[in-house]
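Along the sequence shown, residues are numbered consecutively beginning with 1.
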Amino acid sequence: MTPAGPYPRLSGIERPEQLRELPEAQLPALAQELRAFLIDTVSQMGGHFAAGLGTVELTLALHYVYDTPHDRLVWDVGHQAYPHKVLTGRRDRLHTIKQKAGLAPFPSRAESEYDTFGVGHSSTSISAALGMAIADRLKHTSHPRRTVAVIGDGAMSAGLAFEALNHAGSLDVDLLVVLNDNDMSISENVGALSNYFARVLSGRLYSTIREGSKKVLRRMPTAWELARRSEEHVKGMVLPGTMFEEMGFNYIGPIDGHDLGALVKTLRNLRGLKGPQFLHVVTRKGKGYAPAEADPIKWHGPGPFDPAKGVIFKEKASGPTYSQVFGQWLCDMAERDPRIVGITPAMREGSGLVEFSKRFPDRYFDVAIAEQHAVTLAAGLACEGMRPVVAIYSSFLQRGYDQLIHDVALQNLPVAFAIDRAGLVGGDGATHQGAFDVSFLRCIPNLVIMAPADENECRQMLYTAVTLDAPACVRYPRGQGPGVPVESAMSALPVGKAEVRREGRSGLAILAFGPMVPATAEFAERVDATLVNMRFVKPLDEELVIRMAQRHEWLVTIEENVVAGGAGSAVVELLLARGYVRPVLQLGLPDGYVEHGARSDNLAAAGLDPKSIAASIERWWQPRRLRPAASE
């Protein structure tokens, strides 16, 4: 795809071994080419952008110093891993990233031996890297590996990261944790001083003196305590690493993450040190591309854009997205009810909370990447009479499951969950598909679960959720709905009551949940089937389900969730419990992981686009419909 001309050095790098053959003096020029390549490629197809631009030098230095893939390099989340993919044999396929049959959006073990751990959700790198380091120690190999975890400052806000640090610091393992701190900048003077300290504190002389002194001074407890406190005091005056030292790590930094010479020298020093090491690297998101440096949030994951003008091409929207419907509803509710509080685990933009955060800053809480805390914080607010609304992606709610059961549902607290990205999400792939929430939610007592068929129904369901004296969930998909106008008025829906969209005479009833209602409408019309908008996953409209079983010979359930344990399973359980044995076709997501691609590609791959739905029902229904005639 890419001619060698504009990238003479980069075009010769197919794997890190070739990178390590270059003179160190050529690395800055290579970094410029790599950054230009990222800007050019991502501008054509979109993708994660600002974070990767900020890790160009760090990625080069890590692969230059460490013997990858023998040495283990574990990335956190993976937003910053595009340079890593380019340097590990995937340069000419980067333009396919996030697309159907293209490169995975995040590091994937199935894609490359250099991707040592599959990621997508944050804060897993230190735990995974620690496991790898322990495994290497237990194997007693003649050529031991070095293990490096690279984690961003945002991911460090999650409890999992600190649990791993706490454990790692107590073990005698050779592990390097690199904190990629890209939420601040270092002036030239401070940067130079920080780089000097990093080189000194990571050097063999300092390490030898430090370890040797410990052995001597430990025999003299008073002197040892004085020395230890003095070292902490000195480091605490000039370095922000006392906390990590207390957890058992040797803290180095902060160091300028765009100074290749300092990075290479410091990493070489650290590669020779034993025990847990912590390197604090400061980078700038969007480095080298002015628009992304100025607004890294906007340029976190843009679509195609004009690199010269810095303008992101926007698709024409025919109506609001479900996230925007939620954001407007929350602002409207907050105007009405001072008890409304909005909570999100670091997804303000994605969840549609920007306007709410500006208009109601005292009632807006971004708890960072801490889903467990978000759920229990909401529980505490509900205990004191507030009406908390937790805006969270379906795949992220998985991380707060115990809190949902133990802290919210068990106590029957009125917390509303606005579950965004429920169902198939497209480009972010298997790690972010909202495939399981119906299955893991409907087994929880006290919980009300709703699935809107359109934008206006989403608004009314959200309103319904905050009127209940019980925990309630509204799950809605990514992107736009079928285009139903959203009414400004709000009215609570009767809990557990479905809506018959059309009465058919063919003997076939389709019980559809959420976005599958409009997806099946044309087929139901064509074959004269009854179409039911189920609305509630829990509680089910039992009366209507039984009535459908009494009046129809064949039933179909359809949902954008895995079939196993999903809404269709709830329908079948009810029918069997009431003694109704009917042929039921359950359509939903397959028992597997749906990979990346456009949302339309995802739906087609899962058999949930209108054409596939019609074909699946016809294949199942046709022989059953003809069977009585054939037997006469």
Side-chain angles (χ1 to χ4, degrees), residues 1-42 45 47-48 51-76 78-99 101-119 125 128-129 132-133 136 141 143-150 176 178 180 257 260-261 263-265 267-268 270-271:
M1 172 200 170
T2 306
Y7 314 106
R9 295 172 183 83
L10 185 62
S11 62
I13 305 296
E14 297 294 337
R15 56 189 185 278
E17 296 95 307
Q18 295 167 312
L19 169 66
R20 293 190 280 269
E21 293 172 359
L22 294 178
E24 187 178 331
Q26 291 191 21
L27 294 184
L30 180 60
Q32 289 184 349
E33 289 185 18
L34 178 52
R35 187 166 275 116
F37 175 79
L38 290 172
I39 294 170
D40 179 50
T41 306
V42 178
M45 46 70 179
H48 293 118
L53 289 180
T55 58
V56 166
E57 288 83 5
L58 176 60
T59 307
L60 282 168
L62 286 166
H63 280 296
Y64 193 71
V65 172
Y66 285 87
D67 182 21
T68 55
H70 177 76
D71 288 338
R72 299 311 200 195
L73 180 56
V74 183
W75 294 96
D76 207 283
H79 297 141
Q80 74 275 42
Y82 282 26
H84 163 78
K85 285 180 181 272
V86 171
L87 295 173
T88 53
R90 290 166 279 181
R91 182 188 65 248
D92 293 341
R93 294 186 63 212
L94 190 67
H95 67 286
T96 70
I97 202 163
K98 302 181 75 171
Q99 299 175 25
L103 290 182
F106 306 108
S108 167
R109 283 171 55 85
E111 184 176 283
S112 172
E113 63 178 331
Y114 293 93
D115 293 357
T116 58
F117 195 73
V119 294
S125 60
M132 293 175 188
D136 187 66
T141 57
H143 183 26
R145 306 179 191 274
R146 294 288 176 173
T147 307
V148 182
V150 183
L176 170 61
V178 178
N180 174 29
L260 264 166
L263 280 170
V264 169
K265 188 166 186 177
L267 287 170
R268 278 176 174 158
L270 286 167
R271 193 172 188 272

Quick one: side chain to side chain contact (heavy atoms under 4.5 Å, CB included) partners of [X], sequence neighbours excluded?
{"X": "Asp136", "result": "Thr141, Pro144, Arg145"}
{"X": "Ala133", "result": "Thr147, Val173"}
{"X": "Glu113", "result": "Pro69"}
{"X": "Pro83", "result": "Leu34, Leu38, Thr55, Val56, Thr59"}

Using a 3.5 Å distance criterion without hydrogens, assess whether the side chain of [X] forms a donor-acceptor pair with backbone atoms of [Y].
{"X": "Arg146", "Y": "Arg271", "result": "yes"}
{"X": "Asp115", "Y": "Arg109", "result": "no"}
{"X": "Tyr64", "Y": "Leu22", "result": "yes"}
{"X": "Arg91", "Y": "Leu10", "result": "yes"}
{"X": "Ser125", "Y": "Val74", "result": "no"}
{"X": "Lys85", "Y": "Ala104", "result": "yes"}
{"X": "Gln80", "Y": "Ala51", "result": "no"}
{"X": "His143", "Y": "His70", "result": "no"}
{"X": "Gln18", "Y": "Glu14", "result": "yes"}

Can you name the nearest heavy-atom pair linking [X] to [Y], along with the distance?
{"X": "Val150", "Y": "Asn180", "answer": "CG1-CB, 4.4 Å"}
{"X": "Phe37", "Y": "Val86", "answer": "CE2-CG2, 3.8 Å"}
{"X": "Trp75", "Y": "Pro107", "answer": "CB-CG, 4.2 Å"}

For [X], which residues count as a side chain to side chain donor-acceptor pair (under 3.5 Å) partner, sequence neighbours excluded?
{"X": "His63", "answer": "Thr68, His84"}
{"X": "Gln32", "answer": "none"}
{"X": "Thr88", "answer": "Arg90"}
{"X": "Glu17", "answer": "Tyr114"}

Worksheet item: Distance from Ser108 atom OG to Phe117 atom CZ, nearest 0.5 Å?
Response: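 The CZ atom of Phe117 is 11.5 Å from OG of Ser108, to the nearest 0.5 Å.
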
Worksheet item: For the atom pair CG (Leu94) and OH (Tyr82), what is the distance rounded to the nearest 0.5 Å?
Response: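 The OH atom of Tyr82 is 7.0 Å from CG of Leu94, to the nearest 0.5 Å.
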
Worksheet item: Does the pair Leu62 and Val148 meet the rule for a side chain to side chain contact (heavy atoms under 4.5 Å, CB included), with working shown?
Response: CA-CA 9 Å; Leu62 286 166; Val148 182; 4.0 Å; yes

Worksheet item: Any salt bridge (charged side-chain N to carboxylate O under 4.0 Å, His left out) pairs touching residues 55-66, not counting sequence neighbours?
Response: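 The answer is Arg35-Glu57.
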
Are the side chains of [X] and [Y] in touch, meaning some heavy atoms are under 4.5 Å apart?
{"X": "Asp76", "Y": "Val119", "answer": "no"}
{"X": "Leu19", "Y": "Leu30", "answer": "yes"}
{"X": "Leu267", "Y": "Tyr66", "answer": "yes"}

Worksheet entry | Set of residues satisfying salt bridge (Lys or Arg N to Asp or Glu O under 4.0 Å) with respect to Arg20, sequence neighbours excluded | Asp67

Fill in: Any residue meeting salt bridge (Lys or Arg N to Asp or Glu O under 4.0 Å) with Glu24, in chain and number order, not counting sequence neighbours
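If we apply the salt bridge (Lys or Arg N to Asp or Glu O under 4.0 Å) test to Glu24, skipping adjacent residues, the hits are Arg268.
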
Discussion item. So, using ring pair (Phe, Tyr, Trp, His ring centres under 6.0 Å) as the criterion, who are the partners of Phe106 when residues are at least two apart?
Written reply: His48, His79, His432

